[in-house]
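Report on the structure given below.
Every number for a ligand or one of its atoms is a count from 1 in the order of the listing.
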Amino acid sequence: MSALKSALLRQIRAQGPISIAEYMTQCLLHPAHGVYASRDPLGAEGDFTTAPEISQMFGEMLGLLLAQVWHDQGAPAPFTLAELGPGRGTLMADALRATARVPGFHAGARLHLVEASGPLRAAQAARLGDFSPTWHDTAETLPDGPLFLIANEFFDALPIRQFLRRGAGWAERMVGARGDDLVAGLSPPAPLAALAHRLDDTAEGQMVETCAPARPIMAAIAARIAAHGGFALIVDYGDWRSRGDTLQALRAHAPIDPFATPGEADLTAHVDFEALAEAAAPLRATKLTPQGVLLERLGITARAEALAHNLGGDALNDHIAAHRRLTHPDEMGHLFQTLGLYPPVAPPPPGFDA
Ligand code: SAH
């Protein structure tokens with residue numbers, strides 16, 4: 001049995017069941033055994049892969065989008081160029097390469113990275129060292145000033161709580177112990193003010209999820225953008241409103257019972273974009289736009305064709321497959337959604353559904 005599993009069993013036996021949020025936090029961020037804290041879980045040898053690791057085109061398109069919005073807002077300088085959960089730094093490296101010739105963009109950019117993982121900070125330093133990044137534990141310490149920010153697969157890694165509708169109240173899903181196994185159970189139902197609005201659109205026995213840590217992060221970002229200008233681009237899997245149990249574990253790229261191997265599988269949950277947009281008041285939110293649609297509108301197919309000219313054989317086939325994987329509705333194109341947040345006084349960002 002893994003060290004984290006025995007530690008969790010000991011804790012639960014002594015103090016009672018823990019919330020899904022507490023369980024996720026331990027699995028992902030436990031200093032010695034957590035998925036992110038202890039290693040780099042990305043890529044072919046890891047547990048999961050992400051859009052920037054699939055193709056350089058992802059970071060290029062989104063980097064050019066940020067530069068366009070920056071330009072449309074009058075090219076403020078200096079400005080904060082920030083990323084939440086930059087992984088290996090691949091997205092930002094591709095974004096910076098693509099924007100190298102945008103007049104004034106690099107000269108004005110001050111790179112700030114919000115990252116909890118030591119091993120991933122080291123990977124980011126290796127990729128992005130030329131831009132002298134400043135690292136943060138939380139978005140709340142980002143500098144004041146114009147803020148252009150991107151977050152890909154960041155919010156899905158934040159801890160959620162799960163609640164099952166029971167009459168006019170909610171029973172929370174908890175992690176308990178049975179013998180040597182971690183098992184899910186339910187707390188006694190109780191009313192919950194934060195979920196009052198969900199009594200209207202849920203029926204008995206349905207589950208909703210909440211992500212408390214997302215709120216202060218969005219509020220900190222929105223305060224800077226509202227005061228000084230800027231733009232936040234959020235890409236993740238999820239929907240406008242949380243519906244049902246979306247807790248998912250991936251180990252070596254295969255789905256696995258989330259409670260079977262704590263610390264050895266990546267845990268994620270779908271993002272509730274409505275909650276993010278609400279926490280970002282007074283910013284305006286674009287319509288939720290499928291990743292594939294946004295990338296097409298930003299010109300990914302023309303870019304794919306240009307890159308294809310220099311490729312042949314397996315490399316060309318891989319490139320075509322990567323384009324399909326990022327954009328096709330049957331692959332990541334529809335599962336992943338994008339949301340743009342911008343000041344009410346600024347023009348709407350290009351590429352999103354109106
Ligand atoms: N954006 C990258 C990585 C996604 S994985 C990509 O698309 O490839 C999630 C990222 O968020 C990792 O970098 C992870 O270490 C970071 N992360 C997860 N939880 C975090 C937290 N609570 N605070 C800061 N960073 C966190």
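Residue Leu158 has at least one heavy-atom neighbour below 4.0 Å for each of these atoms of ligand 1: 22 (N). In summary, the atoms of ligand 1 found under 4.0 Å from a heavy atom of Ser117, numbered by their order in the structure, are 15 (O). Ligand 1 places these atoms under 4.0 Å from at least one heavy atom of Asn152: 1 (N), 2 (C), 4 (C), 6 (C), 7 (O). The contact set between ligand 1 and Pro52, taken as ligand atoms under 4.0 Å from a residue heavy atom, comprises 6 (C), 7 (O), 8 (O). The distance from ligand 1 to the heavy atoms of Leu120 drops below 4.0 Å at these ligand atoms: 12 (C), 13 (O), 15 (O). Using a 4.0 Å cut-off to heavy atoms of Gly87, the atoms of ligand 1 that qualify are 2 (C), 3 (C), 13 (O).
In this model, a donor atom of one side chain and an acceptor atom of the other lie less than 3.5 Å apart for Thr202 and Arg165. Looking at Glu53 and Thr90, their side chains do bring a donor and an acceptor atom within 3.5 Å of each other.
Note: Phe231 and Phe352 have perpendicular aromatic rings, judged against thresholds of 30 and 60 degrees for the angle between ring planes.
Atom 4 (C) of ligand 1 has Glu153 O, 3.4 Å as its closest protein atom, hydrogens excluded (heavy atom only). Protein heavy atom closest to atom 13 (O) of ligand 1, with residue, atom name and distance, is Glu115 OE1, 2.6 Å. The single protein non-hydrogen atom nearest to atom 23 (N) of ligand 1 is Ala116 CB, 3.6 Å, given as residue, atom name and distance.
Within a 6.0 Å sphere centred on CG of Asp314, heavy atoms belonging to other residues, nucleotides or ligands number 12 at most.
The shortest separation from a heavy atom of Leu28 to ligand 1 is not under 4.0 Å, leaving the residue out of contact.
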Verdict with supporting geometry, Lys5 and Asp180, salt bridge (Lys or Arg N to Asp or Glu O under 4.0 Å)
CA-CA 9 Å; Lys5 190 168 178 187; Asp180 276 347; over 6 Å; no

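In this structure, Phe79 has its ring center closer than 6.0 angstrom to the ring center of Trp70. Annotation: Phe273 is not in aromatic contact with Phe155 [ring centroid separation under 6.0 Å not met].
The residue among Phe154, Trp135, Tyr36 with a heavy atom at the shortest distance from atom 26 (C) of ligand 1 is Phe154.
Contacts of Leu29 with ligand 1, taken as heavy-atom pairs under 4.0 Å, involve the side chain alone.
For ligand 1, one of its N or O atoms has an N or O atom of Thr50 under 3.5 Å away. Polar contact check, Gly85 against ligand 1: a nitrogen or oxygen pair lies under 3.5 Å apart.
Using a cutoff of 4.0 Å between basic side-chain nitrogens and carboxylate oxygens, Asp94 and Arg97 are scored as salt-bridged. Between Glu274 and Arg241 there is a salt bridge, since at least one side-chain N of the basic residue sits less than 4.0 Å from a carboxylate O of the acidic one.
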